[in-house]
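This report concerns only the one structure given below.
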Protein chains: 2
Amino acid sequence: MYRTHNCGELRLKNLNQEVTLSGWAQKSRDKGFMLWIDLRDRYGVSQLIFDEQRSSKELFNKAKSIGREFVIQIKGKIIERSSKNLNIPTGEIEILVSELNILNESKTPPFTIEDASDGGEELKMKYRYLDIRRNPIKEKLIFRHKVSSEIRNYLTKLDFIDVETPYLIKSTPEGARDFVVPSRMNQGEFYALPQSPQTFKQLLMVGGIDKYFQIVKCFRDEDLRADRQPEFTQIDCEMSFVNQEDILNTFEGLIIHLLKSIKNIEVAQFPRMTYEQAMSKYGCDKPDIRFGMEFGYLNEVSQNKEFNVFNSAEMVVGISVPKGNDFTRKEIDNYTNWVKRPQIGAKGLVYVRCNEDGSYKSSVDKFYDQEDLSNWAKKTNASKGDLIIVLSGEVTKVRAQLSALRLELAQNLNLRNPNEFAPLWITDFPLLEWDDESQKYHAMHHPFTSPKLDEIELLESSPGQVKANAYDLVLNGNEIGGGSIRIHDKEIQALMFKHLGFSEIEAKEQFGFLMNAFEYGAPPHGGIALGLDRLVAILHGEESIKDYIAFPKNNSGKDVMIDAPSKLNETQLNELSLRLNSIE
Amino acid sequence: MYRTHNCGELRLKNLNQEVTLSGWAQKSRDKGFMLWIDLRDRYGVSQLIFDEQRSSKELFNKAKSIGREFVIQIKGKIIERSSKNLNIPTGEIEILVSELNILNESKTPPFTIEDASDGGEELKMKYRYLDIRRNPIKEKLIFRHKVSSEIRNYLTKLDFIDVETPYLIKSTPEGARDFVVPSRMNQGEFYALPQSPQTFKQLLMVGGIDKYFQIVKCFRDEDLRADRQPEFTQIDCEMSFVNQEDILNTFEGLIIHLLKSIKNIEVAQFPRMTYEQAMSKYGCDKPDIRFGMEFGYLNEVSQNKEFNVFNSAEMVVGISVPKGNDFTRKEIDNYTNWVKRPQIGAKGLVYVRCNEDGSYKSSVDKFYDQEDLSNWAKKTNASKGDLIIVLSGEVTKVRAQLSALRLELAQNLNLRNPNEFAPLWITDFPLLEWDDESQKYHAMHHPFTSPKLDEIELLESSPGQVKANAYDLVLNGNEIGGGSIRIHDKEIQALMFKHLGFSEIEAKEQFGFLMNAFEYGAPPHGGIALGLDRLVAILHGEESIKDYIAFPKNNSGKDVMIDAPSKLNETQLNELSLRLNSIE
């Protein structure tokens, strides 16, 4: 037996017990006549003590030979520490070692295995297995397990069935790019890895499974933006005989349960906001509502004056930055430069200082008097001491710019408290989205999303205005999930395909098996999919997902630890009847 | 709201309640003046009643229009049935319908949605979503969910952490064939889908995760034998600071827990048998021990007589078939033909009838007298009324043949009771296996399996005799899992590679990142992987896995429902820089 206890569980109550421990030598402190080793395993750290008086010479010398990250096993007796460390749970005791066994040596690790380590990002990815030994990463993986366990148990209690859907499926040219898998048994043909189990979960509803869930890997071959992974994990759910309200309540319950069971935080009923309201108030469909700074629309009170920039703008819109009047000129200049970066793309910003004496001082004092500015303050809800920042331009662009600036300001002003959780539902998404490139509408969610039934007639006259029974779950400014009620009626489905510009033949080719299934009694159904990687990160108070994934890939889709992807040998290519184009 | 109750929960205690139900019209019985519809959902069936007296004419006619598998919603009042059906839980009540709403129509399904359906295998696969509506399939999927939930909760309680390992990994030419995934971002390079997360779980142990599990899809591009799937699900586990005993106890506990919690069956400690014992007693390393018929070795008592077939055989071995003397001559002939089939490959069989009067009658009476046959009976443990069947030939072949015959006999004699569970451990597998083709030894499990430390010196002199710390879990004649203690010492690992015929460079090329990791303090560790698909099937009393998988593939690796794999279009191929060989 390698151990009687782990390195995290020993306390004063174990005094005088003989124990066996195994673990890694985290560090030694050698005082010449006395030597301490911190022994670490997953569960904690215990202090080992050796000294000239009480340890044999052989043992003492062996202890001195132990290097960082050596794997050792010891036997010894629990004794009380003379100088206690109350910062760690085992800090009142130490183990007087009587036997020491080196289980494995270690080269000096390329970075220290400490909470605050010295390694760079790339080195840590290459030696990910060592990075995982560090508490911050290890705890994130344990946290992820807790979250997924709670999710499974919650949904299981509600009678959801975890059904595994296939990974080797069929490629569809619509939507994002598939990863494909050449078939050897069916030469010249390919499987695709699922971007989501969407069609399978709908087929399970046709199959009467009633409530389905799965925590499942999905794959998308897209150029990777920062913090996007080619493989990611989805909490995928579908329910039958439900309307939108049933789904929102069920999954609101899930998030409330997670916050309570994992963070011990109580949240009330989630606010709901339509897509239009969110766009209008916050300029985006995943607003962070932990803080205010709602949009104030200023066209009325800023146009038809001398200021041509505003006069010619489609939209003039501002936000009030709380206590922003404290900003120095330099800080304001920095924000001006920030919005002018190509990623944001504004031409500049207009600001109004709201002085403590009730007066205003703006960057456009030439064009606007105190009364004008006081109207702006009303529209943006600005008080004395605040700073109003105003952008102008095309509606879509200016909303996106101001929304980005709002988040940047909140970040810098510490208004985005990671220990505060502000979930909300965004509902009533548009059904269709106009695509300039193909000059046609395409489905904002997917072609099986149900339109609001009372707006169906608008499909003919103003398709862009039809709203869908589609919803997103937003948490702290991140979309953590989305879904919709699906179309189960074949006539509405045909109408949708028509408006999406599919001929009957095209629709059949791409969605044939699902449409076929829908001929045999599809129940009303709908669902949702939540991104597990991001949900876990946010619940843990972070936004970057990478460290919540045991072995993530880098931004080129590479695993630098195992060196994947890599070349195949000729035999493998021949068996698949594949050749590579123009590659040596 | 589509329903106030489901179709399986209404009882006499709900009498006079107004309820709303939704579901599928399973069947109607039309008596002219009265009409019943069985309404089905996942949870059960409720009987709806309409009649000329109590239903409006409009409602009554609408009810008559409902076809099989129409999706309907009804409102009505619970009344007591006049003729009760006590075979179903809802059989004491029926619902007098007041409102009927057709939610969706259905074409006549290609086979009946009944427990005993009329559809052929291929049709059912094509319309799998309809097959899933049938109780037998639906219940298997629900059962699978129960098993996987119990597994997760059990392991979670034991402090195992569920860690997701990547699906896009690196191809290794060793072992079975990988499915590969061309990379678009790294043209000319490929990912591979994991055959198992073996290396990642070992890296997690190096990373200090201590106890890992995952229920995970694995992929193997092999020619499919019956009941093999290209993608299958594994319960993958690994533990640190453990020896073989710790692992056997932990997973014995898991199986005991599953049998108790799911089947309410108590099993005692599992028997253990070495590989050698199993091969000797049963001729195979996954014996079904629900019944006897252990091998009796007859060389001593059958050779050096006049019967040349036995004299020239390397091994003469028999089993005693309980009550086998009742077999007719024709039945024995059938078994003779059965063992002569090419799949078995025996030349014939010798039999001995053990008569009730203590005499013997054999097919080789010309060569053996009653005393000889009485010795055979002793060796095979045959009693009066039994039949001894004897095969002869080369050791490896004759054991396999007799083992197959033993199972066939047991099957026909109903000795393989699917409600009886006889798990056992097979231990001490050989470390190495001689491969005739490559004329070298290769690892029986994998190259990281630890040899028995006290047999390491045999590696030089007689490598085939060295045993490994490797074990299989066998249940009712099926291998449901296997694993080993891994090598964590780099010198032993180097020795292993040498004996496997790897040069240092080859070893580095193929296992470099794992060997690298092992330089930084790998703990002693080991693990196991269980096949979930088969475990679930066996626990449910079946051996075929197909119906425990929601959407299985056929023997050509095709999903006939969605028609995968399929051709890619030119754009997709070009983006991947791939061309197809010689395919139109």
Side-chain angles (χ1 to χ4, degrees), chain A residues 2-3 22 24 42 69 71 104 106-107 109 129 132-133 141-142 145 149 156 161-163 166-170 179 181 183-186 188-191 203 206-208 210 217 221 231 241 488 513 517 519-523 550-551 556-557 562 564-568 577-581 583, chain B residues 2-3 22 24 42 69 71 104 106-107 109 129 132-133 141-142 145 149 156 161-163 166-170 179 181 183-186 188-191 203 206-208 210 217 221 231 241 488 513 517 519-523 550-551 556-557 562 564-568 577-581 583:
Chain A
Y2 280 101
R3 55 188 175 192
S22 291
W24 286 264
R42 186 183 113 192
E69 298 306 313
V71 186
N104 217 343
S106 174
K107 292 208 279 196
Y129 45 88
I132 289 173
R133 274 192 207 158
L141 296 180
I142 295 176
H145 168 58
S149 288
T156 298
I161 304 175
D162 178 1
V163 180
Y167 279 83
L168 297 173
I169 66 166
K170 185 179 175 145
F179 281 105
V181 181
S183 165
R184 184 183 52 84
M185 290 176 79
N186 305 278
E189 301 190 334
F190 292 74
Y191 302 98
L203 290 174
V206 177
D210 205 79
K217 274 280 174 79
D221 185 13
E231 48 177 307
F241 301 114
H488 66 277
F513 62 94
E519 302 267 4
Y520 293 97
F551 300 101
S556 327
I562 62 170
S566 60
K567 295 217 170 9
L568 295 189
S577 270
L578 285 183
R579 272 178 304 159
L580 305 177
N581 271 343
I583 290 182
Chain B
Y2 280 101
R3 56 187 174 193
S22 290
W24 287 264
R42 184 182 115 194
E69 299 305 313
V71 187
N104 217 343
S106 174
K107 292 207 280 197
Y129 45 88
I132 290 174
R133 273 190 207 161
L141 296 180
I142 295 177
H145 168 58
S149 289
T156 298
I161 305 174
D162 179 0
V163 180
Y167 279 82
L168 297 173
I169 66 166
K170 185 182 174 140
F179 280 106
V181 182
S183 164
R184 183 183 52 85
M185 290 176 78
N186 306 277
E189 301 190 333
F190 292 74
Y191 302 99
L203 290 173
V206 177
D210 205 79
K217 274 280 176 79
D221 185 13
E231 49 177 306
F241 302 114
H488 67 276
F513 62 95
E519 302 267 4
Y520 292 97
F551 300 101
S556 329
I562 62 171
S566 61
K567 294 217 172 9
L568 294 190
S577 271
L578 285 183
R579 271 179 303 159
L580 305 177
N581 271 343
I583 290 181

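All values derive from a computational prediction rather than experimental measurement. Letters A, B, ... mirror the listed sequences (proteins, then strands); counts begin at 1.
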Query raised in the report: What distance do A/E231 atom CD and B/Y167 atom OH have between them, rounded to the nearest 0.5 Å?
Result: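 If I round to the nearest 0.5 Å, the distance is 8.5 Å.
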
Query raised in the report: Which distance, rounded to the nearest 0.5 Å, do you find between the CD1 of A/I142 and the CG of B/D162?
Result: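 The distance works out to 12.5 Å.
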
Query raised in the report: Just by modelled atom types, is the A/P565 backbone N or O under 3.5 Å from a matching donor or acceptor in the B/N186 side chain?
Result: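 No; judged by distance alone, with no hydrogens or angles, the pair does not exist.
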
Requested in this report: Look at the rings of B/Y520 and A/Y129 and say which category their plane angle falls in: under 30° parallel, 30 to 60° tilted, over 60° perpendicular.
Outcome: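 Because their plane-to-plane angle lies in the 30° to 60° range, the rings of B/Y520 and A/Y129 count as tilted.
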
Query - Toward chain A, the part of B/S183 with a non-hydrogen atom under 4.5 Å - result: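 For B/S183, the contact with chain A is made by the side chain alone.
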
Query raised in the report: Given a strict heavy-atom distance threshold of 4.5 Å, which part of B/V181 is in contact with chain A: side chain, backbone, both, or neither?
Result: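 Both parts, heavy atoms under 4.5 Å.
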
Query raised in the report: Residues in side chain to side chain contact (heavy atoms under 4.5 Å, CB included) with A/S566, at least two apart?
Result: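 For A/S566 the side chain to side chain contact (heavy atoms under 4.5 Å, CB included) partners, ignoring immediate neighbours, are B/K170.
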
**Report entry** Set of side chain to side chain contact (heavy atoms under 4.5 Å, CB included) partners for A/L568, sequence neighbours left out
**Finding:**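 So A/L568 forms a side chain to side chain contact (heavy atoms under 4.5 Å, CB included) with A/Q572, A/L573, B/S171, B/V180, B/F190.
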
Requested in this report: For residues A/L580 and B/R579, report the shortest heavy-atom separation together with the two atoms involved.
Outcome: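 A/L580 and B/R579 have their closest heavy atoms at O-NH2, 3.8 Å.
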
Query raised in the report: Which heavy atom in B/R133 sits nearest to a heavy atom in A/V206, and how many Å separate them?
Result: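 What the structure gives for the nearest pair is NE-O, 2.7 Å.
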
If we define contacts as heavy-atom pairs under 4.5 Å, which of [options] has the most with chain B?
options	result
A/G557, A/A550, A/A522, A/S149	A/A522
A/I132, A/V71, A/L168	A/L168
A/R3, A/E69, A/H488	A/R3

For the candidates [options], which exhibits the highest count of non-hydrogen atom pairs separated by less than 4.5 Å from chain A?
options	result
B/P109, B/A564, B/G208, B/G521	B/G521
B/I161, B/L203, B/I169	B/I161
B/F513, B/F241, B/W24, B/Y2	B/F241

Query - Interchain contact, A/K217 with chain B, by part (heavy-atom threshold 4.5 Å) - result: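 Just the side chain, heavy atoms under 4.5 Å.
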
